[in-house]
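These numbers come from a predicted model, not from an experiment.
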Amino acid sequence: EALAVMHLRRRHLLFVLLILAAWLNVAGASGWNDYQLTIDPGYKICRANSLDVCLGHSDGQLIYVPSDYAQTGPINAYNVTPTHIFLHTHGRTPRNLFEGDTFENVDPSQQFFFVLDKSDDRLTGPFTIAEFQKQPGVPAEENLQWTEPRNPNAASAAIVGWIFLSAALLMIGWPIFLIVGVAGLAVFVVRAQRRKLHGPS
């Protein structure tokens, strides 16, 4: 009986781990972590998913989209000056999990740079770090302070995520708790009957 209860507990733990994995996967994909972040009057960073972190106008028109370029990925950091917006991006690589897989992954080992001239909204790049530092208007490296884009509503996203996780645990987990409880009660009753028949050991 004890072995059966242990087996049920292991299955319950596995269910919980699977739920946590699913929750993290959903939270990391499009949905709760998507956001629009104003970085300068008229300009914002838009996150549609982990790969598509773009620069756009406040009216929704996009300026930098990773898929418009061969290897560049999501915006990893930005810098705003009175005349320019500078972008630092990761790269992206094919996932290749199976034949015909068209999905891509973010590649943090690659880095690219872009320069937006706010006077005419002209975006140039991608540049290597050496090419970027030679562009007009780019401050000296020691004076260039990069800012990582973050969800301005992170607290709300976290609350929604925990509500979903709690609901999933409640809906999927209660039968497991019920089975474990019944099994534990059965073990207790059987042992009590054995002690009654055979006396204390």
Side-chain angles (χ1 to χ4, degrees), residues 23-161 164:
W23 174 69
L24 290 173
N25 183 58
V26 172
S30 61
W32 304 326
N33 286 334
D34 298 354
Y35 61 82
Q36 296 186 12
L37 172 68
T38 299
I39 62 172
D40 199 47
Y43 297 93
K44 62 183 179 181
I45 287 180
C46 307
R47 185 191 191 279
N49 52 60
S50 60
L51 191 61
D52 292 312
V53 183
C54 312
L55 175 68
H57 289 289
S58 296
D59 62 6
Q61 180 183 0
L62 294 178
I63 302 170
Y64 167 74
V65 180
S67 58
D68 288 343
Y69 302 86
Q71 292 181 298
T72 67
I75 296 172
N76 179 56
Y78 64 91
N79 175 276
V80 178
T81 72
T83 57
H84 294 83
I85 295 177
F86 306 114
L87 304 177
H88 172 250
T89 80
H90 287 318
R92 71 180 195 275
T93 55
R95 190 174 63 172
N96 290 332
L97 288 181
F98 51 86
E99 185 176 356
D101 187 0
T102 59
F103 285 92
E104 295 177 303
N105 289 327
V106 177
D107 185 359
S109 67
Q110 300 184 63
Q111 60 175 351
F112 301 95
F113 299 86
F114 290 83
V115 176
L116 176 74
D117 187 334
K118 292 194 288 187
S119 66
D120 56 8
D121 272 349
R122 186 169 63 95
L123 182 70
T124 54
F127 300 114
T128 64
I129 181 63
E131 294 168 338
F132 172 69
Q133 292 172 341
K134 296 177 182 178
Q135 299 305 306
V138 175
E141 185 176 1
E142 61 272 13
N143 297 326
L144 188 58
Q145 300 295 320
W146 292 105
T147 301
E148 181 182 354
R150 294 185 179 275
N151 188 345
N153 302 309
S156 299
I159 291 172
V160 172
F164 173 84

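In this structure, CG on Leu37 lies 11.0 Å from CZ on Arg150, to the nearest 0.5 angstrom. Note that CD1 of Ile45 is 12.0 Å distant from CG of Asn151, once rounded to the nearest 0.5 Å. The distance from atom NZ of Lys44 to atom NE2 of His57, rounded to the nearest 0.5 Å, is 11.0 Å. Distance check, rounded to the nearest 0.5 Å: CD1 of Ile129 to CD of Gln111 gives 6.0 Å.
The two residues Leu123 and Tyr64 make their nearest non-hydrogen contact at CD2-CB, 3.8 Å. Closest approach of Ile75 to Pro149, counting heavy atoms only: O-CG, 3.9 Å. In plain terms, the two heavy atoms of Glu131 and Thr128 that are nearest each other are OE1-N, 2.9 Å. The two atoms that bring Asp34 and Asn49 nearest to each other are OD1-N, 4.1 Å, heavy atoms only. Counting all heavy atoms, side chain and backbone alike, Phe127 lies closest to Phe114 at CD1-CA, 4.5 Å. The heavy-atom pair separating Asn79 from Leu144 by the smallest distance is CG-CD1, 3.4 Å.
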Exercise. Could you walk me through whether Ile39 and Leu55 pass side chain to side chain contact (heavy atoms under 4.5 Å, CB included), step by step?
Key: CA-CA 10 Å; Ile39 62 172; Leu55 175 68; 3.9 Å; yes

_Residue pair Leu116, Leu87: steps toward the side chain to side chain contact (heavy atoms under 4.5 Å, CB included) verdict_ = CA-CA 8 Å; Leu116 176 74; Leu87 304 177; over 6 Å; no

Quick one: do Arg47 and Val53 satisfy side chain to side chain contact (heavy atoms under 4.5 Å, CB included)? Show the steps, please.
CA-CA 4 Å; Arg47 185 191 191 279; Val53 183; 3.8 Å; yes

Expected list for residues 89-99: side-chain donor-acceptor pairs under 3.5 angstrom, two or more places apart:
from: His90; atom 1: NE2; to: Asn76; atom 2: OD1; distance (Å): 3.2
from: Arg92; atom 1: NE; to: Glu104; atom 2: OE1; distance (Å): 2.9
from: Arg92; atom 1: NE; to: Glu104; atom 2: OE2; distance (Å): 3.3
from: Arg92; atom 1: NH1; to: Pro66; atom 2: O; distance (Å): 2.8
from: Arg92; atom 1: NH1; to: Tyr69; atom 2: O; distance (Å): 3.0
from: Arg92; atom 1: NH1; to: Thr72; atom 2: O; distance (Å): 2.4
from: Arg92; atom 1: NH2; to: Tyr69; atom 2: O; distance (Å): 2.7
from: Arg95; atom 1: NE; to: Asp101; atom 2: OD2; distance (Å): 2.8
from: Arg95; atom 1: NH2; to: Asp101; atom 2: OD1; distance (Å): 3.2
from: Arg95; atom 1: NH2; to: Asp101; atom 2: OD2; distance (Å): 3.4

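Aromatic rings from Tyr78 and His88 are positioned such that their centres are separated by 6.0 Å or more.
Under the ring-ring contact (aromatic ring centres under 6.0 Å, His included) criterion, His84 pairs with Phe86, not counting sequence neighbours.
Considering only heavy atoms from C-beta on, Tyr43 comes within 4.5 Å of Ile63 through its side chain. Side-chain contact between Val106 and Pro74 is present, with at least one heavy-atom pair separated by less than 4.5 Å.
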